[in-house]
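The block underneath contains the structure these notes are about, expressed in structure tokens.
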Amino acid sequence: MRSVKRGFRRLSILPGMLVPLLLTGCEQDMADQPKYEPLEAAAIFPNDQSARPLVEGTVARDTVIEPRPARSPLPMTEAVLKRGRERYDIYCAPCHGRAGDGEGMIPERGFPRPPSYHTDRLRNAPDSHYYDVITNGFGVMFSYANRVAPEDRWAIVAYIRALQLSQHATSDDVREAGLEDKLREAK
């Protein structure tokens, strides 16, 4: 019985001895892997150079990218507004509300209320501001760049402009647009 207990004691010491033994086996092999230094000759590549050509479309760090146009490049047509409304209702209305007043369903459930599109600040903002917010996000709003195609972003911007106009149009704006007859027919 004593020899069995002694055997168990020896076995219980074994893991404690194995760990340091295994750790001494670790070297810098992972850090010192074979690799090519910049501009070193490399026979494995067709041009014998380790420096590879840049991927098409690569932009250098210090390159100044031209800003987006301040105004939407899409024409203000009925089709563009219809597409903008469809996309707006899907992606924007849950937070910004159907009228663009920030009274969507998401803020009613406790999330931060977005600003109304009808404030002077946002009515005077360039179209590119809305496009950039859709692309990059702003505040608690996340980016929609991978959800909304660039052309659809401009269509949403056009629809936002239509929403703003609908809330702030004057009778002169209605006359200029030739909408008086259409308004009378609607009544």
Check your understanding: Between CZ of Arg71 and CE of Met76, what distance do you get to the nearest 0.5 Å?
Key -> 7.5 Å
Point to revise | Nearest-0.5 Å distance, CG of residue Leu163 to CZ of residue Arg161 | key: 11.0 Å
Practice item. Could you tell me whether Arg85 sits above the aromatic face of Tyr159, with NZ or CZ closer than 6.0 angstrom to the six-membered ring centre and within 45 degrees of the axis? Key: no
Check your understanding: Of the options Pro114, Pro107, Ser116, which is the one that meets His96 in a side chain to side chain contact (heavy atoms under 4.5 Å, CB included)?
Key -> Pro114
Review point. Does Arg98 pair with Glu103 as a salt bridge, N-O distance under 4.0 Å?
Key: no
Review point. Measuring from Trp154:CH2 to Asp127:CG, what's the distance to the nearest 0.5 Å?
Key: 6.0 Å
Practice item. Indicate the ring-plane relationship of Tyr91 and Tyr144, choosing parallel, tilted or perpendicular according to the 30° and 60° boundaries. Key: perpendicular
Exercise for review: Return the orientation label for the His118 and His168 ring planes: parallel under 30°, perpendicular over 60°, tilted otherwise.
Suggested key: tilted
Practice item. Drop me the distance from Asp152's CG to Tyr88's OH, to the nearest 0.5 angstrom. Key: 15.5 Å
Check your understanding: From Leu81 CG over to Arg83 CZ, what is the distance, rounded to the nearest 0.5 angstrom?
Key -> 13.0 Å
Exercise for review: Might you confirm whether atom CD of Glu86 has over 12 heavy atoms from other residues, nucleotides or ligands at distances under 6.0 Å?
Suggested key: yes
Point to revise | Transitive ILVMFWY cluster of Phe45, excluding itself - 4.5 Å side-chain cut-off | key: Tyr36, Ile44
Check your understanding: For Glu40, does the CD atom have more than 12 heavy-atom neighbours from other residues, nucleotides or ligands under 6.0 Å away?
Key -> yes
